[in-house]
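Both backbone and side-chain heavy atoms feed into the values below; hydrogens, waters and symmetry mates do not.
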Amino acid sequence: MKSNRFHSVNFILWMSFMLFAAFIILITWVFQTSLLKVFMSKEAEAELDSIGSAAYSELKDKIPVENYEEQISYCIERFKGKNVAATFFILSDSGESLFPEGPVFNSVAFSEEGFRKAVNELKAAMSRGDNVEYGKRVRLGENHLAYVALLGVASGSDQAAPQQTYLYIDYSIEMLNAAMGTMRVQMIMISIIVIFLALVISALLSIKLTRPITQITRAAKQMAAGDFSVNFKGEYSYAEMDALAETLDYAKDEIGKSDQLQKEVLANVTHDLKTPLTMIKAYASMIQEISGDNPEKRAKHTQVIIDESDRLTSLVNDILNLSKIRSGMDSLKLEMLNLSEFVHTVIERFDYLVEANDYTIERNIEDELYTEADVDKLEQVVYNLIGNAVNYTGEDKRITVSLKRIEGGSIRLSVTDTGKGIPPEEIKTIWDRYYRSSETHKRPIKGTGLGLSIVKTILEKHGFDFGAESEVGKGSTFYVIFPEK
Ligand code: ADP
């Protein structure tokens, strides 16, 4: 197993932030050191080309220089304003500076060697037949470019032979290197800041994330220890935690309820087991001591013992049944079934009640309706529903069982009684295990409090829809919807 330390939110967050920061820094450095230089250098070349050809176009008609000094000066000032890295010259091929006038060979931005190299390259390109009418860019050094274009032929000074006149632009990208140096320093600072921020943010975030988790874990432990008064809700800073707390509070309420229910149930079951046992013992003693010789009394007393034993048996059976179905030990044996005949058969099991106690079970059953189900289990369901209706129906002792085809390819079975009904707040809880409406109720069929819970478990296993509708004082209807096959 991996150590918890490396699995904690703190560590994962810290790690992610660090990796993210490292990744960003790495990318920026790669850009900074190699790509940026290439980009900028390319950009400088493109810029020089565009300045050079534009300057050539404007200056080519302004030869000889001495006739156009003012315009040339104006034009060059304009170009300089656009790009400070460029220095403009108009030179004769002997190297004499026609503009600006005077000696330039010692000026910072000019090297005669550079000019010669540029002119030679231009001439070579011309003789190769390259298209250099607008001039040519030449690289003089790593950070040094130049641009040269042949403006035309003009007379030199005084009587000398006509000379070729060149536009020569010296373009230094030294500044670019300086800028990159500054940026490198900035980069180091930014890297440090990013790492620092990543540390701080991941620490803050992890505190923010883990604090509620720790809080909730503590509350959950308390709950596990049986304290249902804990409260999960708190002032959490993010929605998911609020939702979790809400869910846990809901779960806590439900578990609390079922805990309460289990306690009641245990009391119920114990009581239910104790009563018949006490009765059995009492009547057995009675037979032994008093009624043993009196056949009439003995018969009565043994009957009580038999009844109470039956009651015990059915209680134990129900408990076993429920736990078997619940645990999945008992899988469904599905088969095709004539539901109409099946319901008639189950109703017939109540014939003794109908005859002996004046109950009326009205049948409203359509013929030839088929579904697929586990017959034995479904019998428990229908038997339980009719049994409950018998138990809880009103003075008229009337029960209606109906089976009808409804829309959507389904069949609806309903068992209706005319009893006191079920209050709305109880209609959900009646399906819970061992739930019994608080009032004690005299009924012809002994219940164990597990009937509806068994019904629910079986129907859920089948995937059938079911439910109860009731109006207090008028009666209840329990229904099951089967898919028609
Ligand atoms: P019981 O053995 O108590 O009948 P069930 O699980 O069958 O156990 O029913 C649970 C509770 O639901 C009953 O105690 C009763 O309060 C209520 N109940 C069930 N069926 C009806 C009905 N037809 N009319 C009114 N209340 C009913």
Side-chain angles (χ1 to χ4, degrees), residues 313-355 359-393 398-417 427-428 430-433 445 447-470 475-485:
T313 313
S314 63
L315 180 62
V316 171
N317 275 345
D318 272 1
I319 295 174
L320 278 179
N321 241 331
L322 189 61
S323 58
K324 251 185 3 195
I325 305 168
R326 284 259 161 155
S327 63
M329 261 161 44
D330 215 9
S331 59
L332 294 180
K333 293 184 228 35
L334 293 182
E335 57 184 281
M336 200 53 128
L337 162 76
N338 183 331
L339 204 53
S340 316
E341 281 177 13
F342 170 81
V343 175
H344 280 299
T345 321
V346 181
I347 294 173
E348 271 148 32
R349 286 181 61 192
F350 290 89
D351 277 352
Y352 73 96
L353 264 178
V354 174
E355 282 161 21
Y359 279 90
T360 313
I361 302 185
E362 202 171 295
R363 306 182 194 195
N364 217 333
I365 297 170
E366 279 179 29
D367 284 335
E368 299 298 315
L369 295 175
Y370 289 86
T371 194
E372 204 176 31
D374 183 319
V375 180
D376 289 342
K377 301 227 162 48
L378 196 60
E379 180 160 359
Q380 288 186 48
V381 170
V382 180
Y383 185 83
N384 265 306
L385 293 182
I386 300 177
N388 276 348
V390 168
N391 276 337
Y392 298 102
T393 196
R398 181 172 284 276
I399 295 123
T400 311
V401 179
S402 71
L403 188 73
K404 282 193 180 124
R405 183 180 278 123
I406 55 170
E407 74 269 24
S410 303
I411 306 166
R412 180 182 155 114
L413 167 75
S414 53
V415 180
T416 307
D417 63 61
I427 208 138
K428 272 197 176 140
I430 53 167
W431 304 94
D432 289 336
R433 244 180 296 183
I445 304 170
T448 57
L450 294 174
L452 286 184
S453 179
I454 292 176
V455 168
K456 177 184 172 188
T457 313
I458 293 175
L459 291 178
E460 277 178 349
K461 257 203 148 168
H462 277 85
F464 297 160
D465 206 3
F466 62 94
E469 292 154 353
S470 183
S476 325
T477 297
F478 284 75
Y479 66 86
V480 183
I481 312 285
F482 302 92
E484 186 170 4
K485 296 276 168 167

Could I get the full list of salt bridge (charged side-chain N to carboxylate O under 4.0 Å, His left out) partners for Glu362, not counting sequence neighbours?
Arg398
Under the side chain to side chain donor-acceptor pair (under 3.5 Å) test, which residues partner [X], sequence neighbours left out?
X      : result
Glu484 : Arg405
Ser340 : none
Thr400 : none
Glu368 : Tyr370

Taking all heavy atoms of [X] and all of [Y], pick out the closest pair and write down the distance.
X      : Y      : answer
Ile406 : Ile411 : CG1-N, 4.3 Å
Ile386 : Val415 : CA-CG1, 4.0 Å
Ala373 : Leu337 : CB-CD2, 4.2 Å
Ile427 : Ala468 : CD1-O, 3.6 Å
Met336 : Lys485 : CE-CB, 3.4 Å
Ser470 : Ser476 : OG-OG, 3.2 Å

4.5 Å side-chain heavy-atom contact, [X] and [Y]:
X      : Y      : answer
Ile430 : Phe478 : yes
Val343 : Leu369 : no
Val381 : Phe464 : no
His462 : Leu334 : yes
Ile399 : Phe350 : no
Leu385 : Tyr479 : no

Less than 4.0 Å between a side-chain N and a carboxylate O, is that true for Glu366 and Arg412?
no
Taking only residues two or more places apart in sequence or in another chain, which ones pass side-chain contact (heavy atoms from CB on, under 4.5 Å) with Glu379?
Phe342, Val346, Arg349
Within the distance-only criterion (no hydrogens, no angle test), does the side chain of Asp374 pair as donor or acceptor with the backbone N or O of Lys333 below 3.5 angstrom?
yes
